[in-house]
Amino acid sequence: MASLLAIDSARADSSEAPIPQASNSFADIVVPFLETHCVGCHGSDDAEGGIALDRYEQSGNVQTDYELWEKIIRLIGAHQMPPAEEPQPSSDAVIEVTAAIETELATFDCSAEKHPGRLTIQRLNKAEYNNTIRDLVGLDLHLADDFPSDDVGNGFDNIGDVLSIPPILMEKYLDAAMVIAQRVYDDEQARKRVFPHQAESDEDRIETARRNVSEFAARAFRRPLREDEKARLFEIMRFAWQQDASEADIFQTVIAAILSNPHFIFRVETDADVDEPDTNGIRSLNGYELASRLSYFLWSSMPDERLFERAASGELTDHEVLKSEAIRMLADPKSAALVDNFAGQWLQLRDVSRLMPDPNKFPEFDGKLRQAMRRETELFFAAMILEDRSVLEFLSADYTYVNERLARHYGISDVTGDQFQRVPLAQGRRGVLTHASILMLTSNPTRTSPVKRGKWILDNMLAEPPPPPPANVPELEEGTETLGSLREQMEQHRANESCAVCHRTMDALGFGLENFDAIGAWRDNDGKFEIDASGELPGGRSFDGAAELMQILTDEKKQQFCKCLAGKMLTYALGRGLDSYDRCSVNDAAQVMKDNNYRFSSLVTAIVTSDPFTLREAKREE
């Protein structure tokens, strides 16, 4: 994906404009550029970083080397390549070669070979465990709150590759299983939910017990039981009975055994046979596997009865049924899990509770304001789901949700009480980037940080992360007015060209938000200096303030934003990091959104019907 730096106003959104065509734009434009500016360091003999660019003469081989060219286009666009000490290409040359590489990237053939990917067996994370117990036995116990923290990978805590199970967690699972079994037995309603069938006579007791255990285990394992699994559970019951255990002990023992079984703790999918002809090691998921993928994606919990029924009937493997079920589930209150667990990590709202602005600088900040900041953004995201609004409103919305405390912080009148209500925003604020939660997340404790704010936008809204800063670059000093305004200090800080090439982008974006202080309140001055929130984006697009900046992002970067959002949500939905072939599904999802007025539901339905979501690829020998 091209860097923001490389995009000229004439082609501000290359994903929406026709891709430039040429007889062979790679050979005619890219190869000469590489020979002039890159091959000196990146030639076949002792190529720097092991990247030899002189081997590309007619094609970029994007089917195998796509990620390399994505990186190259980013480095060229950010003026990281060639290095600052080398002769630099002209702006026109950068724009031309960027367009030519984009043309080459567009030749990536998604139909050439299917690679839906393969999920590592996924352990239930803390949120999923709590929600699953709630929906399985009807008791909201939150026992996983005492489990060790889940590791995070690719920005989320449901990534199978990092969800290990250390010994202390196994002990916690066993203890929790016993506690749940006891609580279920002590709660009549929960006991009837778990074991709903009652024996009509003494002769029916064993058969009724078998039926109850089988049905509960099937719900806990989220699929029908195999005969050997039923036999093992009945053997546990028989052993307890032979030890003269009481009915309560037998009852609790079998529940605890089910809840400590790997098929409850993990979401298990089987691989296709790689040697089976005509499959290439790829198989379609069955209805029960799809039901679990769908429910843990949208609800962070187990499937409900409707999903189990559609899985059993085979209907759920139909893409139209998958879409209809996804839309039904989005309308269910349990979709709040998507706010808590997807938005909470994508927008980093979970971090708000850990921030502590300098109390001397911001004495008005308190716990109630902190809570209101996070709740505003959560309610906004919930409205996206429940009202099926355009995802572009993340950038452009002219409304938000406030209670009296937050309204006072924003300078909004006529809002009283602790209840949140929807209100129009003043002209200076637009979208979530001007929510106090995001503004505080991207600030330092004592002052704003245009760099953090700009980098946050590139990372989380445009999927164009800048490279790490060069080594031995000093931090900007805190609270020094002798150097001038913050903008002037930043200009001094980036005097080094190796810093400036990235800061031009990040600072332009960040300074567009400078009218908001480190806790998101509006300001016209920073100390004795008047705020200058103007800037110029690559291509010469000028703006003055956040509202104009948001409008430019909405108008000209909407496809980049949609691809970024689709990539984040696909990662979360799958529970794995994305690879080269997943870009086809990301691009398809972005196109589906565009074709459906960018409605939130169109993103979700595109993901749940994608190949990575509905197919599974077997692990191949290296």
_Using side-chain heavy atoms (C-beta onward) and a distance below 4.5 Å, is Phe297 in contact with Val604?_
yes
_Sequence-distant partners of Asn403, side-chain hydrogen bond (donor to acceptor under 3.5 Å, both in side chains), two or more places apart_ = none
*asked:* Just to verify, what does Ser149 make a side chain to side chain contact (heavy atoms under 4.5 Å, CB included) with, not counting sequence neighbours?
replied: none
_Under a plain distance cut-off of 3.5 Å, with no hydrogens placed, do Thr446 and Asp358 share a side-chain donor-acceptor pair?_
no
*Examine the side chains of Gln182 and Asp186 and answer whether a donor and an acceptor come within less than 3.5 Å of each other.*
no
*Among pairs that include at least one residue of residues 325-342, which meet salt bridge (charged side-chain N to carboxylate O under 4.0 Å, His left out), considering only residues two or more places apart or in two chains?*
Asp135-Lys334, Asp304-Arg328, Arg306-Glu325, Arg310-Glu325, Glu325-Arg328
*Distance-only side-chain donor-acceptor flag, Ser300 / Asn131, under 3.5 Å*: no
*Which residues pass the side chain to side chain contact (heavy atoms under 4.5 Å, CB included) test with Ser610, sequence neighbours left out?*
Leu570, Ser585, Pro612, Phe613
Return a table of donor-acceptor pairs under 3.5 angstrom between the side chains of residues 167-176 and protein atoms on other chains or two or more places apart.
| unit_1 | atom_1 | unit_2 | atom_2 | d |
| --- | --- | --- | --- | --- |
| Lys172 | NZ | Asp146 | OD2 | 2.8 |
| Tyr173 | OH | Arg123 | NH1 | 3.4 |
| Tyr173 | OH | Leu124 | O | 3.4 |

*asked:* Can you see whether Thr377 engages Ser437 through a side-chain donor-acceptor pair at a distance of less than 3.5 angstrom?
replied: yes
*Evaluate the side-chain proximity of Met593 to Arg599: yes if any heavy-atom separation is below 4.5 Å, no if none is.*
no
*asked:* My understanding is that only residues two or more places apart in sequence, or in another chain, count here; which of them pass ring-ring contact (aromatic ring centres under 6.0 Å, His included) with Phe156?
replied: Phe342, Tyr572
*Which pairs, with at least one residue in residues 343-355 and sequence neighbours excluded, count as a side chain to side chain donor-acceptor pair (under 3.5 Å)?*
Asp157-Gln345, Asp157-Arg350, Asn341-Arg350, Gln348-Trp456, Asp351-Arg354
*So, for Ser602 and Val592, which heavy atoms are closest and what is the spacing to 0.1 Å?*
O-CG1, 3.7 Å
_Leu139 and Ile133, any side-chain heavy atoms less than 4.5 Å apart_ = no
*Salt bridge check: are Asp526 and Arg523 linked by an N-O gap of less than 4.0 Å?*
yes
*In terms of heavy-atom contacts, does CG of Asp418 have more than 12 from other residues, nucleotides or ligands at under 6.0 Å?*
no
*asked:* Taking salt bridge (Lys or Arg N to Asp or Glu O under 4.0 Å) as the definition, give me every residue that meets it alongside Arg375, ordered by chain and number, with sequence neighbours left out.
replied: Glu378
_salt bridge (charged side-chain N to carboxylate O under 4.0 Å, His left out) partners of residues 427-442, not counting sequence neighbours, each pair once_ = none
*Are Thr448 and Glu514 close enough that a side-chain donor and a side-chain acceptor fall under 3.5 Å?*
yes
_Can you pull out every salt bridge (charged side-chain N to carboxylate O under 4.0 Å, His left out) where at least one residue sits in residues 401-411? Sequence neighbours excluded, please._
Asp366-Arg405
*asked:* Under the ring pair (Phe, Tyr, Trp, His ring centres under 6.0 Å) definition, can you give me all pairs with a residue in residues 400-435, not counting sequence neighbours?
replied: Phe380-His435
*Could I get the full list of salt bridge (Lys or Arg N to Asp or Glu O under 4.0 Å) partners for Glu387, not counting sequence neighbours?*
Arg389, Arg422
*Applying side chain to side chain contact (heavy atoms under 4.5 Å, CB included), run through Met384 and Phe394 and close with a yes or a no.*
CA-CA 9 Å; Met384 286 286 128; Phe394 283 116; 3.6 Å; yes
*Crowded around Asp145 CG? As in, over 12 foreign heavy atoms under 6.0 Å?*
yes
*How about Gln189: does its CD atom have over 12 heavy atoms from other parts shown lying under 6.0 Å from it?*
no
*For residues Leu537 and Ala508, report the shortest heavy-atom separation together with the two atoms involved.*
CD2-CB, 4.2 Å
